[in-house]
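Counting from 1, the numbers follow the sequence of the chain as shown. Hydrogens, waters and symmetry mates are skipped; everything else that's a heavy atom, side chains included, is used. Counting starts at 1 for both ligands and their atoms, following the listed order.
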Amino acid sequence: MKAVVVGAGLGGLSVAACLAKAGVDVTILEKNSWVGGRVHKWVHKGVRFDLGPSWYLMPKEVDRWFHALGFDRKQFYEIHRLDPAYKVIYDGESLVVPGNINKVFELFESVEQGAGERLQFHLSNNAREYHYLMENFIRSNYNSARTILRKGMEILRFFEYSSLMSNFHSRIKKVAYDPKLQKILEYSSTFLGASPYTLPAPYTILNHVDFNLGTWYPLGGFSVLPEAMAKICRLLGVTIHCNEEVEMLELKRNTISHVHSKSTTYQADLVVANADRHFVDQVLLPPKYREMKERQWNALPISPSVFNIFLGVKDTLNNLAHHTFFFDSDWDKHITSVYKRKEWPLDPLFYVHCPAKTDPAAAHNDVQSLFILVPLAPGVQDSPVERNRIYERVLQRLRLHANISEHTISFSKIEGPREYKLHFNAYKSNAFGLAMTLGQTAMLRLSNRSQKVKNLYFSGQYTIPGTGTTMSIISGELSAERIIQEMSLS
Ligand SMILES: Cc1cc2nc3c(=O)[nH]c(=O)nc-3n(C[C@H](O)[C@H](O)[C@H](O)COP(=O)(O)OP(=O)(O)OC[C@H]3O[C@@H](n4cnc5c(N)ncnc54)[C@H](O)[C@@H]3O)c2cc1C
């Protein structure tokens with residue numbers, strides 16, 4: 001049995017290793033020169049930048065992938081829990097969120113009487129919901145009508161209907177009235193794909209992920225994760241070809257027979273597409289075998305795109321934490337521009353990453369690595385004018401907290417929607433895949449098997465919308481499980 005995986009993102013590496021462990025002959029074809037897809041790095045003048053993710057979340061779920069394949073994550077890299085977890089800068093003041101849960105309760109209580117106690121209660125509910133959803137719905141394949149129906153009934157029994165139908169913000173309002181605390185509890189939704197005013201309330205399990213499970217950082221930078229996964233793939237016999245862009249899937253009736261890259265043709269009994277799903281559907285497949293029409297794709301809620309600034313800075317950055325949020329502009333206006341008006345924000349919210357605070361190896365000599373991420377509307381038209389405007393505005397606000405000037409910036413680089421399309425064939429230049437909405441959750445999410453092509457499966461962030469890296473890894477495990485079951489390999 002020959003399987004070809006299109007794309008060496010975390011979803012592709014994950015499924016490849018699981019299939020290889022089950023005895024499948026697996027080849028991964030990756031368009032770029034690196035493994036890890038959206039998880040990659042840039043090292044310039046000895047200074048290391050994480051170009052994609054910087055929040056290492058749900059570490060036990062990641063460790064579980066290593067264990068399932070017979071390895072221990074610690075053999076490959078170390079992770080470090082951040083304390084403080086992050087800092088939030090508001091207009092004229094700031095709050096430092098500790099990495100210790102009891103200290104978080106104290107912080108909430110100090111800002112608003114009663115909020116610490118309410119947060120404690122909220123998080124204990126969250127923890128229960130997280131474990132239930134993770135085991136019963138997230139880590140689950142929906143490959144039969146019976147399963148879908150049974151799980152649908154279960155979820156309705158577990159959550160009250162009103163809770164499923166209410167939104168993230170209305171639940172958070174009951175925990176904290178203070179807008180600063182509300183922002184701490186809601187930022188995860190804003191940065192990961194949906195507005196708190198539309199995201200279903202059960203997604204507040206992200207608060208459990210944030211405060212109880214904690215924010216971690218892998219020493220050596222985020223790329224140590226895909227590099228470790230690729231090493232395991234190779235140990236299990238997977239062949240990985242980088243710089244091998246897939247251009248076409250050739251079918252005989254409703255079954256893929258060959259995968260064509262620019263230079264080579266690969267015979268395949270089975271294909272797992274980890275590349276952006278819209279691209280696979282609309283570009284790699286012949287029209288007859290496409291799952292959706294362009295207008296149906298256009299109607300799918302998709303996560304934001306991003307504008308990223310990378311600066312090598314000669315400053316100690318004392319007023320910034322490892323993660324710092326800049327919520328010092330109008331929160332609702334930013335959300336409206338990303339989720340409703342779909343235009344470049346006038347005065348954006350943004351996030352700053354200073355990895356050398358935890359991992360000195362990210363800096364070199366006296367130059368620190370600083371990464372600024374601005375969430376943008378998916379599909380927004382890229383424009384040099386807007387890039388310059390946002391760059392100037394962001395640096396102006398950053399200068400109030402760090403010594404950032406033409407004298408201290410050693411070098412810089414920017415990336416925006418254009419690069420996301422170019423590097424990843426990303427639909428609407430999205431950063432995080434499909435948005436988290438009720439209609440794309442659990443049994444309602446896109447199937448990880450094609451409805452029209454018999455031997456085509458999917459892995460990656462389009463099959464489980466949510467917290468990026470970890471969900472992509474889980475998606476690979478689920479696809480492999482389904483393939484093994486359906487192709488009677490076990
Ligand atoms: C700026 C940014 C910040 C983020 N921050 C976080 C964070 O802090 N924490 C977190 O958990 N998540 C974060 N995420 C999300 C996370 O990175 C992604 O959800 C996850 O890495 C997606 O993995 P994937 O395998 O689904 O997709 P991808 O990583 O996109 O993998 C798909 C692969 O397919 C390849 N490909 C595309 N077309 C072809 C083709 N024609 N032929 C061959 N290969 C092809 C691509 O090159 C890519 O390697 C962030 C993402 C971005 C962009």
Only heavy atoms count here, so choose which of G7, S54, C242 is nearest to atom 34 (O) of ligand 1. G7
Rounded to the nearest 0.5 Å, what separates atom OG in S429 from atom CZ in R418? 10.5 Å
Taking only heavy atoms of G9, which atoms of ligand 1 are found under 4.0 Å from at least one of them? 25 (O), 29 (O), 31 (O), 33 (C), 49 (O)
Determine whether the aromatic ring centres of F411 and W42 lie less than 6.0 Å apart. yes
With heavy-atom distances below 4.5 Å as the criterion, would you say the side chains of W34 and K41 are in contact? no
Does R38 qualify as a cation-pi partner of F424, given the criterion of NZ or CZ under 6.0 Å from the six-membered ring centre and within 45 degrees of its axis? yes
Is it true that D276 and Y420 share a donor-acceptor pair across their side chains at a distance under 3.5 Å? no
Ignoring hydrogens and angles, state whether a donor on the side chain of N141 or N448 is under 3.5 Å from an acceptor on the partner side chain. yes
Atoms in ligand 1 flagged as close to F279, the criterion being non-hydrogen separation under 4.0 Å: 41 (N)
Numbered in order shown, the ligand 1 atoms found under 4.0 Å of a heavy atom of G37 are 29 (O), 48 (C), 49 (O)
Tell me whether D276 reaches ligand 1 (any heavy atom closer than 4.0 angstrom to a ligand atom). no
Does a salt bridge link D359 with R48, judged by any charged N lying under 4.0 Å from a carboxylate O? yes
Quick one: does L10 get within less than 4.0 Å of ligand 1, heavy atoms only? yes
Looking only at heavy atoms of E247, does any of them come nearer than 4.0 Å to an atom of ligand 1? no
Go through ligand 1 atom by atom and flag the ones less than 4.0 Å from a non-hydrogen atom of L373. 1 (C), 3 (C)
Regarding atom 4 (C) of ligand 1: of the candidates G36, G11, G460, P53, which has the closest heavy atom? P53
Below a 4.0 angstrom heavy-atom separation, can you tell me which part of S472, side chain or backbone, both or neither, approaches ligand 1? side chain
Check contact between Y462 and ligand 1, using heavy atoms of the residue and a distance below 4.0 angstrom. no
Flag L57 as yes when one of its N or O atoms lies below 3.5 Å from any N or O atom of ligand 1, and as no otherwise. no
Donor on one side chain, acceptor on other, H353 and H322, under 3.5 Å: yes
Select one of side chain, backbone, both or neither to describe which atoms of N425 lie under 4.0 Å from any atom of ligand 1, heavy atoms only. side chain
Mind checking whether G52 has a heavy atom under 4.0 Å from ligand 1? yes
Atoms of ligand 1 less than 4.0 Å from A275 heavy atoms? 34 (O), 36 (N), 37 (C), 38 (N), 39 (C), 45 (C)
Does this structure show an ion pair linking E291 with K452, if we count only N-O contacts that are shorter than 4.0 Å? no
Does one side chain, of S450 or Y289, offer a donor that lies under 3.5 Å from an acceptor on the other? no
S459 N/O under 3.5 Å from ligand 1 N/O: no
Geometric N/O contact Y420 with ligand 1, under 3.5 angstrom: no
Which is it for Y86 and D210 under the side chain to side chain donor-acceptor pair (under 3.5 Å) test, yes or no, and what are the steps along the way? CA-CA 10 Å; Y86 48 91; D210 189 359; 2.7 Å; yes
Note: F432, heavy atoms under 4.0 Å from ligand 1, region reported as side chain
N/O separation below 3.5 Å, K31 to ligand 1: yes
Do other residues, nucleotides or ligands put more than 12 heavy atoms under 6.0 Å from the NZ atom of K231? no
Output the list of atoms in ligand 1 that are nearer than 4.0 Å to some heavy atom of V39, sorted by atom number. 21 (O)
E245 heavy atoms, cut-off 4.0 Å: which ligand 1 atoms fall inside? 41 (N), 42 (N)
If the cut-off is 4.0 Å to any non-hydrogen atom of H423, which atoms of ligand 1 fall inside it? 47 (O)
Using the six-membered ring of Y391, assess whether NZ or CZ of R387 lies under 6.0 Å from its centre and within 45 degrees of the ring axis. no
